[in-house]
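Here the structure is a predicted model, which means the values were calculated and not measured. In what follows, every chain begins at residue 1, and chains take the letters A, B, ... in the order their sequences are listed.
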Number of protein chains: 2
Amino acid sequence: MSKYRDDQIKQFAEIFKALSNPNRLRMFLHLVTCCVPGTVGSFDAEDGVSACVGDLGRDLDIVPSTVSHHIKELHRAGLIRMERRGQKIECWVDPVILRGLARFFDKPLTG
Amino acid sequence: MSKYRDDQIKQFAEIFKALSNPNRLRMFLHLVTCCVPGTVGSFDAEDGVSACVGDLGRDLDIVPSTVSHHIKELHRAGLIRMERRGQKIECWVDPVILRGLARFFDKPLTG
DNA sequence: TCGATATTTCGACATATATCGAAATATATA
DNA sequence: TATATATTTCGATATATGTCGAAATATCGA
């Protein structure tokens, strides 16, 4: 019936759950638009391909602990990667997951 | 920052919430794979482009009232369309929404 | 080492969600 | 009209979620 295995379906459900909160979705879009996906492996914070936790919470009207919680959810779902750089913790979108999502919705249309 | 308006972000969040439950995601995939999106307007249940509520609940180990609830959620999110045909109520994926989702994840990669 | 900045952890609480079972509604058919 | 099939509505319940504030942890710079 479906071309996805049961564990893959559960993983996609987790991903969609992570994107189901408007604030988390805004953070994700912030990262998607500020970063340059497709450049897998060539990650470099100085090139502006990542954002720190403080950046992501700006303009969102939620306290830092809530921002942190949301970022943890995005990370748990596998959507983003994180790395400490001094005081800040930089986040960026996992390009592989993003590609998987594009195919998830694209395939039924083109294939 | 983001190319999406606030109300669009909320709408996408609603869509992802609808897909965040494994059983609902299975129903959605059932419809996506059994139907032929892209054929907007040429809907015809006899051609197998839709499935009834009973079909969608099969192999899911949940009672009909729960299936009905999930389908209502998919419909509320705008993912599927419904129409009564005799005793049964046929469901099919809204091709426009599906296309919007494909672009949502595809654009940051190609644009 | 002390203070400032950045982030996380923890506990609390109000709200939302997934599921069930029983009862109601709609449609078809004998 | 009576019965069977398909689906929805309603109320209950257990669990999950979003958010906050306070306190803890990590890092940098004076």
Side-chain angles (χ1 to χ4, degrees), chain A residues 6 9-31 34 45-46 50-92, chain B residues 6 9-31 34 45-46 50-92:
Chain A
D6 196 68
I9 289 181
K10 283 182 187 146
Q11 197 199 343
F12 273 113
E14 284 294 316
I15 288 170
F16 295 137
K17 194 200 299 185
L19 298 177
S20 73
N21 176 272
N23 280 332
R24 272 199 306 265
L25 184 53
R26 288 184 189 103
M27 294 182 193
F28 176 76
L29 286 175
H30 182 137
L31 288 174
C34 86
E46 275 72 35
S50 73
C52 71
V53 176
D55 294 337
L56 293 174
R58 207 161 339 276
D59 307 325
L60 248 50
D61 270 333
I62 48 180
V63 300
S65 61
T66 303
V67 176
S68 176
H69 163 71
H70 283 321
I71 288 177
K72 199 161 61 177
E73 292 298 302
L74 290 172
H75 184 251
R76 266 192 349 103
L79 283 163
I80 66 173
R81 300 168 69 75
M82 311 168 68
E83 186 177 286
R84 179 175 279 278
R85 298 217 161 189
Q87 282 174 290
K88 303 184 174 182
I89 292 186
E90 300 289 328
C91 309
W92 66 99
Chain B
D6 196 67
I9 288 180
K10 283 182 187 147
Q11 197 200 342
F12 273 113
E14 283 294 317
I15 287 170
F16 295 137
K17 193 199 302 184
L19 298 177
S20 72
N21 177 272
N23 281 332
R24 271 199 305 264
L25 184 53
R26 288 185 189 103
M27 294 182 196
F28 177 76
L29 286 175
H30 182 136
L31 287 175
C34 87
E46 274 71 36
S50 73
C52 70
V53 177
D55 294 337
L56 293 174
R58 209 162 334 280
D59 308 324
L60 249 47
D61 270 333
I62 48 180
V63 300
S65 61
T66 303
V67 176
S68 175
H69 162 72
H70 283 320
I71 288 176
K72 198 161 60 177
E73 293 297 304
L74 291 172
H75 185 252
R76 266 193 346 107
L79 282 163
I80 66 173
R81 299 169 68 75
M82 311 169 68
E83 186 178 287
R84 181 174 278 277
R85 297 218 161 190
Q87 281 173 291
K88 303 184 176 183
I89 292 187
E90 301 289 327
C91 310
W92 66 99

* Take atom NZ of A:Lys88 and atom C1' of D:dT25, then tell me their distance rounded to the nearest Å. => 18 Å
* Asked: Reckon B:Arg24 has a side-chain N or O less than 4.0 Å from the OP1 or OP2 of C:dT17?
  -> no
* Please list residues of residues 11-21 of chain B whose heavy atoms come under 4.0 Å from any atom in DNA chain C, ordered by number; otherwise none. => B:Lys17, B:Asn21
* To do: Just call it for B:Asp55: base, sugar-phosphate, or nothing, with non-hydrogen atoms closer than 4.0 Å on any strand.
  => nothing
* Using a heavy-atom distance cut-off of less than 4.0 Å, which residues of residues 64-77 of chain A contact DNA chain C? -> A:Pro64, A:Ser65, A:Ser68, A:Lys72
* Contact letters for nucleotides 24-30 of chain C, in which S counts primed atoms plus P, OP1 and OP2 and B counts the base, heavy atoms under 4.0 Å -> --SBS--
* Out of curiosity, A:Phe28 CZ to B:Phe12 CZ, how far, rounded to the nearest 0.5 Å? -> 11.5 Å
* Spell out, as yes or no, whether a donor-acceptor pair under 3.5 Å connects the side chain of A:Arg24 to the backbone of A:Ala18. => yes
* Quick one: which of C:dT19, D:dT7, C:dT7 gets closest to the side chain of B:Val53? -> D:dT7
* Nearest whole angstrom, please: distance from the P of D:dA6 to the CE of B:Met82. => 16 Å
* Give the nucleotide from the list D:dG21, C:dT7, C:dC20 with an atom nearest to the side chain of A:Cys52. => C:dT7
* **Check: A:Glu73 and A:Asn21 side chains under 4.5 Å, non-hydrogen atoms** => no
